[in-house]
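A quick write-up on the structure given underneath.
For this chain, numbers begin at 1 and follow the sequence in order. Just so you know, ligand 1 is whichever comes first in the structure, and atom 1 is the first atom listed for that ligand.
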Amino acid sequence: KERGAAVATRQEVDQNGRPVSKIVKKGVNDFHFGRTLGEGSYSTVLAATDRQIHREYAVKVLDKRHIIKEKKVKYVNIEKDALNRLTEHPGIVRLYYTFQDERSLYFVLDLANGGELLGHLKKMGTFDEECTRFYGAQMLDSIAYMHSKGIIHRDLKPENVLLDEQMHTKITDFGTAKILDIRSAGGTGTDGPGSGDPMDGAEQERAVSFVGTAEYVSPELLTDKNACKASDLWAFGCILYQLLAGRPPFKASNEYQTFQKIVALDYRFPDNFPAVAKDLIERLLVLDPSKRLPIEHIKAHSFFEGIQWGKGLWKQKAPRLRSYV
Ligand SMILES: C[C@@H](Nc1nc2c(c3cc(-c4cn[nH]c4)ccc13)C(=O)N=C/C2=C\CC1CC1)C(C)(C)C
């Protein structure tokens with residue numbers, strides 16, 4: 001039985017006229033499916049409208065036979081478990097419920113109408129400091145929440161950062177996430193090697209045998225196959241660099257050469273790169289994960305001066321997109 005499967009209730013009355021709410025499971029016939037929003041390696045995400053309440057969702061459709069054949073059942077369950085833990089944050093795509101028919105699994109999720117951050121970045125070339133500060137702050141707030149729930153994303157990149165109609169960020173694609181055991185989930189999101197407290201490091205389970213997208217992979221994942229919370233902060237540093245420079249810091253003509261650049265910390269800032277942002281990124285792109293700036297220190301860095309953390313960050317208007325020239 002899927003958790004969170006029964007979400008729709010229909011008000012009915014019993015024989016004495018007393019209102020009863022009947023749990024009704026929604027199915028594929030309750031939706032009108034629209035355009036394809038994105039294709040994952042084992043899934044397709046479509047826009048879909050709930051016929052009863054006329055509300056638009058994104059529905060991720062997974063082919064059961066394909067998943068079983070490709071031995072990806074574990075990843076589907078990890079994604080569902082991760083999404084079920086990450087339900088109270090505005091910066092993370094929300095899973096409402098799942099259902100299935102004989103052929104497919106369906107995840108009913110928030111629709112992020114603004115599409116991928118990558119698309120906007122490609123159109124603009126670069127983001128100016130104000131935009132980078134705002135989008136960086138929203139991403140960091142969401143990463144802090146994920147980590148506080150014991151979830152490491154492991155594949156953060158501009159394609160996985162979506163925008164909603166208010167142009168606020170929504171992080172997505174948790175199929176490659178690592179769920180740490182309950183013990184280490186309680187932290188404020190800064191525990192583990194990233195916080196420099198070696199004892200926490202021991203608590204963190206070690207993730208093995210998964211490598212994210214080449215340009216954003218952390219050195220520890222390439223050298224000793226260990227992903228930790230600080231691996232997401234490495235990717236975050238790469239994304240901040242990319243927003244201001246218009247390209248990721250480590251990019252070569254093939255994956256192997258990109259990996260060589262990463263483990264050799266072989267990257268340069270463009271001459272006109274803003275100094276304060278450069279200082280922050282230099283403290284994130286550090287080979288030793290335990291020496292990377294922990295989240296609370298990133299929030300306090302002068303690059304994020306003026307950002308109001310917490311709920312205010314999600315209520316304010318997104319800045320108009322401008323390029324860094
Ligand atoms: C990253 C993902 N792409 C996407 N995943 C999701 C979208 C989404 C929307 C647009 C879009 C909207 N308007 N224009 C484009 C473009 C790509 C999207 C959405 O709205 N809601 C939930 C999503 C994913 C949920 C997933 C955690 C289960 C891939 C490429 C893997 C299919």
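- Taking every heavy atom of Gly38 and a limit of under 4.0 angstrom, the matching atoms of ligand 1 come to 32 (C).
- Contacts between Leu95 and ligand 1, counted as non-hydrogen atom pairs separated by less than 4.0 Å, are absent for every part of the residue.
- For Glu165, the closest heavy-atom approach to ligand 1 does not fall below 4.0 Å.
- The protein heavy atom nearest to atom 31 (C) of ligand 1 is Asp173 OD2, 3.8 Å.
- Looking at heavy atoms from C-beta onward, Asn160 lies out of side-chain contact with Thr213 at the 4.5 angstrom threshold.
- Between Phe134 and Phe127, the distance from one ring center to the other does not fall under 6.0 angstrom.
- Closest to atom 12 (C) of ligand 1 among all protein heavy atoms lies Ala112 O, 2.9 Å.
- Near Asn160, meaning under 4.0 Å from any of its heavy atoms, are these atoms of ligand 1: 1 (C).
- Checked for salt-bridge contact, Arg283 and Asp279 meet the test: a charged N lies under 4.0 Å from a carboxylate O.
- For the pair Arg55 and Tyr96, the distance from NZ or CZ to the six-membered ring centre is under 6.0 Å and the angle to the ring normal is within 45 degrees.
- At the top of the distance list for atom 24 (C) of ligand 1, counting protein heavy atoms only, stands Thr172 OG1, 2.9 Å.
- Nearest protein heavy-atom contact of atom 30 (C) of ligand 1 is Glu39 O, 3.7 Å.
- Looking from atom 16 (C) of ligand 1 to the surrounding protein, the closest heavy atom is Leu37 O, 3.3 Å.
- Within the 4.0 Å heavy-atom criterion, neither part of Lys157 lies near ligand 1.
- Seen from the ring of Phe303, Arg133 counts as a face-on cation partner, given the 6.0 Å and 45° thresholds.
- Ligand 1 places these atoms under 4.0 Å from at least one heavy atom of Ala58: 19 (C), 20 (O), 21 (N), 22 (C).
- Atoms of ligand 1 lying under 4.0 Å from at least one heavy atom of Asn113, given by number and element, are 13 (N).
- Of the inter-residue distances, the one linking Tyr324 atom OH with Glu129 atom CD reads 6.0 Å to the nearest 0.5 angstrom.
- Of the protein's non-hydrogen atoms, Gly115 CA, 3.5 Å is the one closest to atom 15 (C) of ligand 1.
- Between His66 and Tyr42, the closest side-chain pair of non-hydrogen atoms falls below 4.5 Å.
- In this structure, atom 10 (C) of ligand 1 has protein heavy atoms in its sub-4.0 angstrom surroundings.
- By the 4.5 Å heavy-atom criterion applied to side chains, Val76 and Lys80 are not counted as neighbours.
- Heavy-atom contacts of Arg35 reach the following atoms of ligand 1: 13 (N), 14 (N) (cutoff under 4.0 Å).
- Cluster membership for Leu162 and Leu313, using ILVMFWY side-chain heavy atoms within less than 4.5 angstrom, is shared.
- The protein atom (non-hydrogen) at minimum distance from atom 7 (C) of ligand 1 is Leu162 CD1, 3.3 Å.
- Closest protein heavy atom to atom 21 (N) of ligand 1: Asp110 O, 2.9 Å.
- Contacts between Leu111 and ligand 1, counted as non-hydrogen atom pairs separated by less than 4.0 Å, involve both the backbone and the side chain.
- Ion pairing between a basic and an acidic side chain is recognised when a charged N comes within 4.0 Å of a carboxylate O; Glu130 and Arg322 show such pairing.
- No side-chain heavy atom of Leu244 sits less than 4.5 Å from a side-chain heavy atom of Thr126.
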